[in-house]
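Here is the structure we will look at.
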Amino acid sequence: MRGYFYNFDRDPEGKILKELLSKTFNEADLKGADVVFVYVDLNFEGCFNFLRKTRDKFRVVLIDSLYERFPLRELSLMQRLKKWWKYRFLDKIFEERANIYFVGDDNSGIDVITERFSIDYALIYPSKFVNSLNDKVSTRKKLGIPINGVYVGYICFPTEEFGFDIFREIYSLSKGVFKVLIYPLDYKDRVYKLSEDLKGKVFISENFLDFLSAVDVMMFPYRFGCGKYLINSISLGIPVVSFKGHCADRIIKHGWNGFIAENFSIDEFAHYLVLLSSDPILRETLSKNCLSYSYGYPTIEEKASFIVQWTASAMQ
C-alpha cells in the first residue's frame with residue numbers, strides 16, 4: 001500500500017509517526033497514493049482545503065487536540081469572532097467525513113465534537129515519542145549556546161494559543177534567573193526576531209532531541225491541552241510548569257513532577273519557573289519523580305501500530 005502524508009513535518013511527533021507509518025504505507029506522490037494521512041494542527045484551513053481536494057482517496061485524519069475550542073478565559077467580541085472563524089474550518093474537517101478519524105484523548109473535548117458530527121473515530125493517547133536524551137554539556141556545545149546555567153525549554157508556535165503573547169512578561173518577571181531555549185514549530189521568523197531582541201537570554205534549537213537534551217525545566221504557558229509534550233518531557237525527567245489547561249492537571253502532580261499555575265496567572269507561572277531554576281535540590285528531586293512517571297502511556301511505536309492496524313483493516 002502507498003501513502004501520502006500531509007502536514008506531518010511541522011510537529012516532532014508527526015515526523016516520527018510519518019517515518020513509522022511509511023514502513024507499511026510506502027510514501028508516494030499524491031497521484032499514486034492509495035491513502036492520504038492528514039495531521040491536523042492549528043492550520044485548520046489548510047487541512048480542510050487538502051481534504052476537500054482528495055475526496056477520491058481513502059482519507060485518514062489525525063488530530064491531537066481542539067486547541068482551545070472551549071476557551072478557559074474571557075474573550076472580547078473580536079476574539080470570539082476570530083475564534084469562530086478559525087474553528088469553523090475545524091468543523092468543516094469533520095463535515096468532510098473522511099474514512100477514519102483518530103482523535104487525541106487530551107481532555108480538550110474533541111470526542112464531544114466528533115460525536116456531535118456523528119463521526120466514527122478511535123481515541124489515540126499521548127505517546128512517549130522520544131525515549132532517551134543525549135549528554136547535556138555536549139549538546140549545549142553542539143548548539144553553540146552557553147554551557148553553564150539553567151535552561152527553560154519552550155515548544156511553541158508564536159501564537160497566543162501557545163502563550164507567545166505573554167512570554168516576554170513571564171521572562172521579565174523571572175529577572176534573568178534562567179535562559180530560554182525555544183523549539184519553534186513554525187513561523188520561525190517571529191521566534192528568531194524574539195531571540196534577537198533578547199540576545200544572550202533566548203536561544204533556538206531546530207533539532208527536537210537536542211532541544212530536549214539541553215534543557216533543565218519545561219514551560220507550557222499554553223491556553224489549551226497538549227498532553228503529548230507534557231508527557232514526553234516528564235517521562236524524560238524534565239520537570240514542567242504549566243497553566244491548568246485542558247489536561248495539565250491530569251498529568252502534573254503539583255509539587256511532585258512539576259507545578260501548575262492558575263489560569264492565567266503570569267505572576268504565579270513566573271514564580272514557579274524561578275523556584276525550579278534557582279533551587280537545584282528541588283529540581284533534582286522533581287526530576288527523579290518525573291523519571292518514575294508511569295501512567296501507562298504508549299510508546300510512539302505502539303501508537304503507530306494502532307493506527308496502521310485500524311487503517312489497514314478499514315481499507316480491506
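Position 1 is the first residue of the sequence; numbering continues from there. Side chains included, hydrogens not; waters and symmetry mates left out as well; all remaining heavy atoms used.
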In terms of ring plane angle, is the pair [X] and [Y] parallel, tilted or perpendicular, where the classes change at 30° and 60°?
{"X": "Phe129", "Y": "Phe208", "result": "parallel"}
{"X": "Trp85", "Y": "Phe89", "result": "perpendicular"}
{"X": "Phe164", "Y": "Phe167", "result": "parallel"}
{"X": "Trp310", "Y": "Phe306", "result": "tilted"}
{"X": "Phe269", "Y": "Phe243", "result": "tilted"}
{"X": "Phe94", "Y": "Phe117", "result": "parallel"}

Does the side chain of [X] pick up a donor-acceptor pair with the side chain of [Y] at under 3.5 Å?
{"X": "Asp41", "Y": "Asn7", "result": "yes"}
{"X": "Tyr183", "Y": "Asn207", "result": "no"}
{"X": "Tyr272", "Y": "Glu268", "result": "yes"}
{"X": "Tyr192", "Y": "Asp197", "result": "no"}
{"X": "Gln309", "Y": "Ser305", "result": "yes"}

For residues Phe224 and Phe162, establish whether the separation of their ring centroids is below 6.0 Å.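 Ring centroids of Phe224 and Phe162 are less than 6.0 Å from each other.
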Hey, are the side chains of Ile100 and Arg59 touching, using non-hydrogen atoms and a 4.5 Å cut-off?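 They are not in contact (no side-chain heavy atoms under 4.5 Å apart), so the answer is no.
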Test your reading of the model: is there a side-chain donor-acceptor pair from [X] to the backbone of [Y], 3.5 Å cut-off?
{"X": "Arg80", "Y": "Leu75", "answer": "yes"}
{"X": "Asn289", "Y": "Trp256", "answer": "yes"}
{"X": "Ser76", "Y": "Gln79", "answer": "yes"}
{"X": "Thr299", "Y": "Glu302", "answer": "yes"}
{"X": "Ser265", "Y": "Ala261", "answer": "no"}
{"X": "Arg140", "Y": "Ala214", "answer": "yes"}
{"X": "His254", "Y": "Phe259", "answer": "no"}

If a pair satisfies salt bridge (charged side-chain N to carboxylate O under 4.0 Å, His left out) and one of its residues is in residues 199-213, list it, with sequence neighbours excluded.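 Every pair satisfying salt bridge (charged side-chain N to carboxylate O under 4.0 Å, His left out) with a residue in residues 199-213: Lys142-Asp210, Lys188-Glu206.
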Could you note down all residue pairs passing salt bridge (charged side-chain N to carboxylate O under 4.0 Å, His left out) where residues 236-249 supplies at least one of them, sequence neighbours left out?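 Qualifying pairs: Lys244-Glu262.
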Taking atom CD of Glu160 as the centre, does the number of heavy atoms from other residues, nucleotides or ligands within less than 6.0 Å exceed 12?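 Yes, the 6.0 Å shell around CD holds more than 12 heavy atoms from other groups.
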Evaluate whether atom CG of Asp56 has more than 12 neighbouring non-hydrogen atoms of other residues, nucleotides or ligands under 6.0 angstrom away.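 For Asp56, atom CG is crowded (more than 12 foreign heavy atoms under 6.0 Å).
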With Phe50 via ring pair (Phe, Tyr, Trp, His ring centres under 6.0 Å) - residues at least two apart: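 Testing Phe50 for ring pair (Phe, Tyr, Trp, His ring centres under 6.0 Å), a comparison that skips the adjacent residues, returns Tyr4, Tyr6.
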Do Arg2 and Asp34 meet the salt-bridge criterion of a basic N to acidic O distance under 4.0 Å?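 Yes, charged N to carboxylate O under 4.0 Å.
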Atom pair CG/CD1 of Leu17 and Ile307 - distance to nearest 0.5 Å: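 Leu17 CG to Ile307 CD1: 5.0 Å, rounded to 0.5 Å.
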Rounded at 0.5 Å granularity, tell me how far CE in Met1 sits from CG in Leu21.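 Here the interatomic distance stands at 11.0 Å.
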Output, in order, the C-alpha distance, side-chain angles, deciding distance and verdict of ring pair (Phe, Tyr, Trp, His ring centres under 6.0 Å) for Tyr171 and Phe178. CA-CA 9 Å; Tyr171 189 78; Phe178 55 82; 5.6 Å; yes
Using the side-chain hydrogen bond (donor to acceptor under 3.5 Å, both in side chains) rule, collect all pairs that involve residues 109-126, keeping only residues at least two apart or in two chains.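 Found Glu115-Tyr121.
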With sequence neighbours excluded, what pairs up with Val274 under the side chain to side chain contact (heavy atoms under 4.5 Å, CB included) test?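 With sequence neighbours excluded, Val274 shows a side chain to side chain contact (heavy atoms under 4.5 Å, CB included) to Ser174, Val177, Ser278, given in chain and number order.
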For Leu209 versus Ser132, what's the shortest heavy-atom pair and its separation?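 Taking Leu209 first and Ser132 second, the nearest heavy atoms are CD1-O, 3.2 Å.
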Residues that Ser205 engages under side-chain hydrogen bond (donor to acceptor under 3.5 Å, both in side chains), provided they are two or more places apart: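 Checked Ser205 against side-chain hydrogen bond (donor to acceptor under 3.5 Å, both in side chains); zero matches.
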Glu68 pairs by salt bridge (charged side-chain N to carboxylate O under 4.0 Å, His left out) with which of Arg73, Lys86, Lys82?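 Of the listed options, the one satisfying the test is Arg73.
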Looking at Tyr151, I'd like to know if the NZ or CZ of Lys179 sits under 6.0 Å from its six-membered ring centre while staying within 45 degrees of the ring's axis.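 That pair qualifies as a cation-pi contact.
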